[in-house]
Amino acid sequence: VQLQASGGGLVQAGGSLRLSCAASDHNFRSANMAWFRQGTGKEREFVAAITYNSISTIYADSVKGRFTISRVNLKNTVYLQMNSLKSEDTAVYYCAARLPRVVGALRTGTADYNYWGQGTLVTVSS
């Protein structure tokens with residue numbers, strides 16, 4: 001599985017962006033997926049995750065209520081809708097997948113995912 005993230009850009013504080021992550025093949029449909037981000041000089045941190053069947057989602061406290069993760073398996077794509085953006089949301093955003101899927105709760109650690117996209121930069125100006 002190869003992942004291609006897109007949709008980043010420059011936006012003013014309070015604005016919105018939608019990130020997309022396109023997978024290269026249908027194996028993606030059985031994978032739990034996640035978004036992470038990494039600001040300059042910071043460690044990569046968890047943002048959101050979604051189960052393979054979209055039944056369950058989890059979010060970092062810092063984005064809860066502002067970001068929404070979703071997926072369309074027929075399009076092999078996962079999305080991250082980001083609203084009410086803040087300057088502290090500025091980062092490179094990465095999508096990630098775990099295959100084969102791990103049974104149990106959604107995971108939030110970088111070590112829990114073994115496929116990564118190349119990242120897309122989101123810059124929020126204040």
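Counting begins at 1 with the first residue of the sequence. The figures here come from the full heavy-atom set of this structure, side chains too, leaving out hydrogens, waters and symmetry mates.
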Residues Asn32 and Thr51: side-chain donor-acceptor under 3.5 angstrom: no
Do you see a donor-acceptor pair shorter than 3.5 Å between the side chains of Asn73 and Arg71? yes
Could you state the interatomic distance from [atom1] ([X]) to [atom2] ([Y]), rounded to the nearest 0.5 Å?
| X | Y | atom1 | atom2 | value |
| --- | --- | --- | --- | --- |
| Ser125 | Gln12 | OG | CD | 5.0 Å |
| Ser30 | Asn53 | OG | CG | 11.0 Å |
| Leu106 | Ile58 | CG | CD1 | 4.5 Å |
| Arg18 | Asn83 | CZ | CG | 11.5 Å |
| Ser62 | Asp89 | OG | CG | 7.0 Å |
| Ile50 | Ser56 | CD1 | OG | 8.5 Å |

For residues [X] and [Y], determine if any side-chain heavy atom of one lies less than 4.5 Å from a side-chain heavy atom of the other.
| X | Y | answer |
| --- | --- | --- |
| Tyr115 | Cys95 | no |
| Ser16 | Gln81 | yes |
| Leu85 | Leu17 | yes |
| Thr90 | Val122 | no |

Identified side chain to side chain contact (heavy atoms under 4.5 Å, CB included) partner of Cys21 from the options Tyr79, Trp35, Phe28: Trp35
Would a hydrophobic clustering, with Ile, Leu, Val, Met, Phe, Trp and Tyr connected at side-chain separations under 4.5 Å, put [X] with [Y]?
| X | Y | answer |
| --- | --- | --- |
| Leu99 | Val78 | yes |
| Met33 | Phe67 | yes |
| Tyr59 | Val124 | yes |
| Met82 | Phe46 | no |

If only atom types and distance count, is the side chain of [X] paired as donor or acceptor with the main-chain N or O of [Y] below 3.5 Å?
| X | Y | answer |
| --- | --- | --- |
| Thr120 | Ser6 | no |
| Arg29 | Asp25 | no |
| Asp112 | Arg98 | no |

Begin with the C-alpha distance, continue with both residues' side-chain angles, and end with the deciding distance and a verdict on side chain to side chain contact (heavy atoms under 4.5 Å, CB included) for Lys86 and Arg66. CA-CA 10 Å; Lys86 306 174 181 179; Arg66 300 187 298 121; 3.8 Å; yes
State, to 0.1 Å, how close Thr77 and Ser20 come at their nearest heavy-atom pair, and which atoms those are. CG2-CB, 4.3 Å
How far apart are the closest heavy atoms of Gly8 and Leu19, and which atoms are they? N-CD2, 3.6 Å
Can you classify the ring geometry of Phe36 versus Trp116 as parallel (below 30°), tilted (30 to 60°) or perpendicular (above 60°)? tilted
Gln118: which residues meet the side chain to side chain donor-acceptor pair (under 3.5 Å) condition with it, sequence neighbours left out? none
Given the rule in the side chain to side chain contact (heavy atoms under 4.5 Å, CB included) test, do Val11 and Thr123 qualify, once you have shown the distances and angles that lead to the verdict? CA-CA 6 Å; Val11 63; Thr123 304; over 6 Å; no
May I ask you to check if Arg107 and Tyr113 form a cation-pi contact, with NZ or CZ under 6.0 angstrom from the six-membered ring centre and within 45° of the axis? no
Flag this pair as yes if the NZ/CZ of Arg44 is under 6.0 angstrom from the six-membered ring centre of Tyr94 and inside a 45 degree cone about the axis; otherwise no. yes
Could Lys64 and Asp61 be called an ion pair, given the rule that one side-chain N must be under 4.0 Å from one carboxylate O? yes
